2 protein chains.
Amino acid sequence: MTVVGICEDDPDVRRVLTDALKMNGHRVVIARNGREAVENLGRHSGVDVLVLDIGLPDADGRDVCQALRSGGQHAPALFLTAFDAVHDRVSGFRSGGDDYVVKPFAIAEVLVRIESLVRRSRPVPASTSGLALDPERLSVRVGDREVALTPTEFRLLGAIAAEAGNVVRRRTAVAAAWPDGAIVNENTIDSYVRRIRVKLATIDAPVELTTVRGVGFSLR
Amino acid sequence: MTVVGICEDDPDVRRVLTDALKMNGHRVVIARNGREAVENLGRHSGVDVLVLDIGLPDADGRDVCQALRSGGQHAPALFLTAFDAVHDRVSGFRSGGDDYVVKPFAIAEVLVRIESLVRRSRPVPASTSGLALDPERLSVRVGDREVALTPTEFRLLGAIAAEAGNVVRRRTAVAAAWPDGAIVNENTIDSYVRRIRVKLATIDAPVELTTVRGVGFSLR
DNA sequence: ACCACGCAGTCAGGTCCGTTGCAGGTTGTC
DNA sequence: GACAACCTGCAACGGACCTGACTGCGTGGT
């Protein structure tokens, strides 16, 4: 079950969203403005995904997001923008795995996008790899030992850990860790793999990030 | 190599998908609408994975999928849903190992999802030889014992195991393991056969890679 | 405005290992 | 026994990978 954090001032919109989400088996945490958002939707709120209105009375949704992020809240965000808002820079904040929809929206579309965001950021179940990847804290944990990862390191390790036991091709790994089709130097991925290996070693992770020569990498 | 069947009416989207897939070494079969899909992407088309637009001019991609399924086409499907489409029950068809992405999509994400679908839908065949060749891990397994192979070793063993019980001519084996018409020393294949024998022995494989003098090799 | 810091990405050099073919021994066939 | 086909061990080559350091960029604090 997904916990959705909503920050929206319009009671009708809140209502519609809440009903639809609950009907689909999700839980909802409400904030009516930016202040409440920071209070209710922060790092330890258990929220899996954020739905933030851009046009709040007391703040811009993007600023709210920023504030939450700096407080350690890394759940992906879906922004709601008004139909007649200026669309410059809207696409800009789609980076970082976030997304947006334009009001008035079809509620079903919002549901799809929420599920899509959640799917992309789901933590890897510890059962498969022995590692606990925490997207909220951008960290890996094994037992009570934990290391922080950078966003890129986290995406890369996530992609490889998701296929634990299988070989992840270099190209696949690149596509997963550098989503917007960025072209990175072949060697860049090696550097990141190395950094991840070093970090995994510091917590005595019971896994090995092996390289399968000519193919890719594999977590065992 | 994966064969991807695409059903999409927008020429631009077709173009982007086709280019990206070809660039990544896949083959593409095109259908511009539901009718063509049923004609071109059916059971015997050799398609490994389907990419279906939901919003086709003459049909719903989900109906197309249904039609193909009832015709015996069981390749997994990736659905493309339009940004502004109405998404009633969209999450419903995620069952069956299918998946979907929302337009506009990052092409890299589509690639990752396609490869993921293909991987999941290709279970390791419990081959007649008693060997389990796992292309995902580049390994052979028998029972719970497993050895890693190099890419060339794997291709060679794969070619011979595919004809388990029959004799594979040296020429045929070379053509299978060295695809681009490379000219290799006659002795090179002997070296590889030897190494494969050694590796099979380490896992007590219940088979024998015998040589048929003057002809080729055979797995029994 | 400035600086310190952390992250992303690149580079150069070194190392490793898959691939290949050689040399010499062994087996099978006539 | 003679010859060809095959097996075995080994060593060279080259590309793939590893490593450590460096640059540039953005962010946050002073």
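Letters A, B, ... are given to chains in the order of the sequence lines, protein chains preceding strands, and every chain is numbered from 1. The shown structure was predicted, so the numbers you read here are calculated from the model rather than taken from an experiment.
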* Structure fact -> Taken to the nearest whole Å, CZ/A:F154 to P/C:dA8 is 13 Å
* Asked: Are any of A:R170's side-chain N or O atoms less than 4.0 Å away from OP1 or OP2 of D:dA16?
  -> no
* Distance in angstrom units between B:D190 CG and C:dG28 P, rounded -> 15 Å
* Asked: To the nearest angstrom, how far is A:I196 atom CD1 from C:dC7 atom P?
  -> 13 Å
* Output all residues satisfying salt bridge (charged side-chain N to carboxylate O under 4.0 Å, His left out) with A:R170, sequence neighbours left out; order by chain, then residue number. => A:E186, A:D190
* **Set of residues satisfying side-chain hydrogen bond (donor to acceptor under 3.5 Å, both in side chains) with respect to B:R155, sequence neighbours excluded** => B:T152
* To do: Measure across A:L133 and A:A161 and return the closest heavy-atom pair with its distance rounded to 0.1 Å.
  => CD1-CB, 3.7 Å
* Structure fact -> Rounded to whole Å, CG of A:L156 lies from P of C:dG9 at a distance of 11 Å
Please table the atom pairs, donor to acceptor, closer than 3.5 Å between any side-chain atom in residues 200-208 of chain B and protein atoms at least two apart or in another chain.
residue	atom	partner	partner atom	Å
B:T202	OG1	B:K199	O	2.6

* To do: Report the end-to-end axis angle of the helix from C:dA1-D:dT30 to C:dC30-D:dG1; each axis comes from five terminal pairs, and the value is rounded to 10°.
  => 20°
* What is the per-nucleotide protein-contact pattern of nucleotides 13-23 of chain C, from the 5' end, where B denotes a base atom under 4.0 Å from a protein heavy atom, S denotes such proximity for sugar-phosphate atoms only, and - denotes neither? -> ---BBSBBBBB
* Structure fact -> Residues at least two apart in sequence or cross-chain that pass salt bridge (charged side-chain N to carboxylate O under 4.0 Å, His left out) with A:R35, listed by chain then number, are A:E39
* Find the distance A:L138:CG to C:dG6:P and express it as a whole number of Å. => 16 Å
* For B:R15, which residues count as a salt bridge (charged side-chain N to carboxylate O under 4.0 Å, His left out) partner, sequence neighbours excluded? -> B:D19
* With B:N185 via side-chain hydrogen bond (donor to acceptor under 3.5 Å, both in side chains) - residues at least two apart -> none
* To do: Find the distance A:I189:CD1 to C:dC11:C1' and express it as a whole number of Å.
  => 17 Å
* **Heavy-atom check, side chain of B:I6 versus side chain of B:L21, under 4.5 Å** => yes
* **d(CZ, A:F217; P, D:dA16) in whole Å** => 13 Å
* **Counterpart residues, salt bridge (charged side-chain N to carboxylate O under 4.0 Å, His left out), relative to B:R195 (two or more places apart)** => B:E153
